[in-house]
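Below: the structure, in structure tokens.
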Amino acid sequence: MVVIAAAPAASAEAAVAPIIALTDVIRVYREADIETIALRGVDLGIAAREFVAIMGRSGSGKSTLLGLLAGSDRPTAGSVVVDGVELSRADEDERARLRGTHVGIVFQSGNLVPFLDLVENIRLAAELAGRSVDGPGARGVLARVGLEGRERHRPAQLSGGEQQRAAVAAVIATQAPIMLADEVTGELDSTNAELLLDLLVEVHRAEGMTLILATHDPDVAGRADRIVELRDGRVSSDRRLR
Ligand SMILES: Nc1ncnc2c1ncn2[C@@H]1O[C@H](COP(=O)(O)OP(=O)(O)OP(=O)(O)O)[C@@H](O)[C@H]1O
Ligand SMILES: [Mg+2]
């Protein structure tokens with residue numbers, strides 16, 4: 001079994017067990033008689049509080065990898081351990097629990113309930129994670145992502161960038177130790193992309209959240225501690241930047 005842990009720690013107190021460990025992960029999609037091997041043997045260890053960018057061409061397996069970490073999907077073979085939970089053996093209920101409490105997700109389209117306003121969305125996200133946030137608490141989190149004055153708006157009344165910032169607010173409210181972001185800056189103009197990225201980095205640092213971000217953009221990836229590149233479903237390079 002090969003688990004690539006974080007870089008060797010300089011001192012014992014800096015040594016941390018990986019919060020994410022993938023071992024020989026294979027994911028094959030089967031549809032009718034078409035078989036697509038999206039991941040073909042991925043070994044990856046990520047330490048708590050790391051900021052890792054996942055890069056790679058379209059179709060290289062980035063979203064598939066994030067789906068496994070989010071517990072929305074299971075590997076065809078291999079082991080996926082997230083925050084101490086072995087997801088390859090977990091049933092749907094266990095994986096749903098993990099999604100609620102351990103992992104916060106920011107997707108391209110945002111991930112908010114369309115018929116709830118922002119305060120209600122924040123409170124629901126917290127509740128699903130077993131936490132409780134009151135109205136002023138939810139408004140405080142929204143202010144933190146620059147959405148003061150928009151508390152009573154529903155997601156459709158916001159721009160794409162604002163929806164994504166609201167999705168980050170929902171993740172903050174869950175206090176999940178891990179935040180996943182899939183290509184979230186891709187459709188934003190450069191100003192809004194920068195704003196969102198700054199926000200993700202700020203939350204990652206202030207809340208001590210492990211941040212895993214899939215991106216095509218080398219400038220976005222350049223903000224990470226480490227860049228893991230996928231090629232044809234395998235890790236083709238793993239570089240530490242800082
Ligand atoms: N639900 C699915 N059913 C069948 N094949 C799929 C499915 N999801 C992904 N694939 C295939 O698996 C491979 C990896 O896809 P994935 O979405 O993980 O790539 P990606 O790196 O996220 O690409 P992009 O940069 O375009 O988002 C691709 O060949 C894709 O067509
Ligand atoms: Mg993708």
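Residues take their numbers from the sequence shown, with the count starting at 1. Counting starts at 1 for both ligands and their atoms, following the listed order. For clarity, every value in this text was computed on a predicted model and none was experimentally measured.
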**OP:** Name the closest protein heavy atom to atom 3 (N) of ligand 1, giving the residue it belongs to and the distance to 0.1 Å.
**Re:** E31 OE1, 3.3 Å
**OP:** Check the pair S63 / D182 against side-chain hydrogen bond (donor to acceptor under 3.5 Å, both in side chains), numbers first and verdict last.
**Re:** CA-CA 7 Å; S63 295; D182 194 357; 2.6 Å; yes
Original post:
Between R95 and E92, does a salt bridge (Lys or Arg N to Asp or Glu O under 4.0 Å) hold up when you go through it step by step?
Top reply: CA-CA 5 Å; R95 287 185 286 125; E92 177 52 39; 3.3 Å; yes
**OP:** Measure the distance from atom 27 (O) of ligand 1 to every protein heavy atom, then report the residue, atom name and distance (to 0.1 Å) of the closest one.
**Re:** S63 OG, 3.9 Å
**OP:** Could you tell me whether ligand 1 has any atom less than 4.0 Å away from a heavy atom of R30?
**Re:** no
**OP:** Using modelled atom types only, decide if a donor and an acceptor are shared between the side chain of Q163 and the backbone of P155 within a distance under 3.5 Å.
**Re:** yes
Subject >> Taking atom 26 (O) of ligand 1 as the reference point, the nearest protein heavy atom with its distance >> reply: S58 OG, 2.5 Å
Original post:
Which ligand 1 atoms does A38 reach within 4.0 Å, using its non-hydrogen atoms?
Top reply: 12 (O), 13 (C), 14 (C)
**OP:** Identify the two heavy atoms, one from L211 and one from L200, that lie closest to each other, and give their separation to 0.1 Å.
**Re:** CD2-O, 3.9 Å
**OP:** Everything protein-side that's N, O or S and under 2.8 Å from the Mg ion (ligand 2): list it, residue and atom.
**Re:** S63 OG
**OP:** Answer with side chain, backbone, both or neither: which part of T64 has a heavy atom less than 4.0 angstrom from an atom of ligand 1?
**Re:** both
Subject >> Verdict with reasoning, R57 to D232, per salt bridge (Lys or Arg N to Asp or Glu O under 4.0 Å) >> reply: CA-CA 9 Å; R57 276 186 211 154; D232 297 332; 5.9 Å; no
Original post:
Does a side chain donor of either E183 or T185 reach within less than 3.5 Å of an acceptor in the other side chain?
Top reply: no
Original post:
Counting each atom of ligand 1 from 1 as listed, which ones have a heavy atom of T36 under 4.0 Å away?
Top reply: 11 (C), 12 (O), 29 (O)
Subject >> N or O contact, E183 vs ligand 1, cut-off under 3.5 Å >> reply: no
Original post:
Tell me: protein heavy atom nearest atom 9 (C) of ligand 1, and distance?
Top reply: Y29 CE1, 3.3 Å
**OP:** Using a strict cut-off of 4.0 Å, indicate which atoms of ligand 1 neighbour a heavy atom of S60.
**Re:** 19 (O), 21 (O)
Subject >> Residue pair R89, E94: steps toward the salt bridge (Lys or Arg N to Asp or Glu O under 4.0 Å) verdict >> reply: CA-CA 9 Å; R89 285 194 291 272; E94 286 171 286; over 6 Å; no
**OP:** Please determine which of V171, I172, I122 meets the side chain to side chain contact (heavy atoms under 4.5 Å, CB included) test together with V145.
**Re:** I172
Original post:
Does atom 30 (C) of ligand 1 have any protein heavy atom closer than 4.0 Å?
Top reply: no
**OP:** For N111 and I105, indicate whether the former's side chain and the latter's backbone hold a donor-acceptor pair under 3.5 Å.
**Re:** yes
Subject >> Side-chain donor/acceptor of R139 to backbone N/O of G149, under 3.5 Å >> reply: no
Original post:
Looking only at heavy atoms, is any part of R57 under 4.0 Å from ligand 1, and if so is it the side chain, the backbone, or both, or is it neither?
Top reply: backbone
Original post:
Less than 4.5 Å apart, any side-chain heavy atom of R150 and any of L118?
Top reply: yes
Subject >> atom 25 (O) of ligand 1: nearest protein contact (heavy atom, Å) >> reply: K62 NZ, 2.7 Å
Subject >> Residues T64, Y29; criterion side-chain hydrogen bond (donor to acceptor under 3.5 Å, both in side chains); working and verdict >> reply: CA-CA 10 Å; T64 300; Y29 293 108; 2.9 Å; yes
Subject >> Element-labelled atoms of ligand 1 that are located less than 4.0 Å from some non-hydrogen atom of H216 >> reply: 25 (O)
Original post:
Can you tell me which residue and heavy atom of the protein come closest to atom 23 (O) of ligand 1, and the distance to 0.1 Å?
Top reply: G59 N, 2.8 Å
Original post:
Do E127 and S132 have a side chain donor and acceptor closer than 3.5 Å?
Top reply: no
Original post:
Could R152 and D117 be called an ion pair, given the rule that one side-chain N must be under 4.0 Å from one carboxylate O?
Top reply: yes
Original post:
Would you say G56 has any N or O atom under 3.5 Å from an N or O of ligand 1, going by distance alone?
Top reply: no
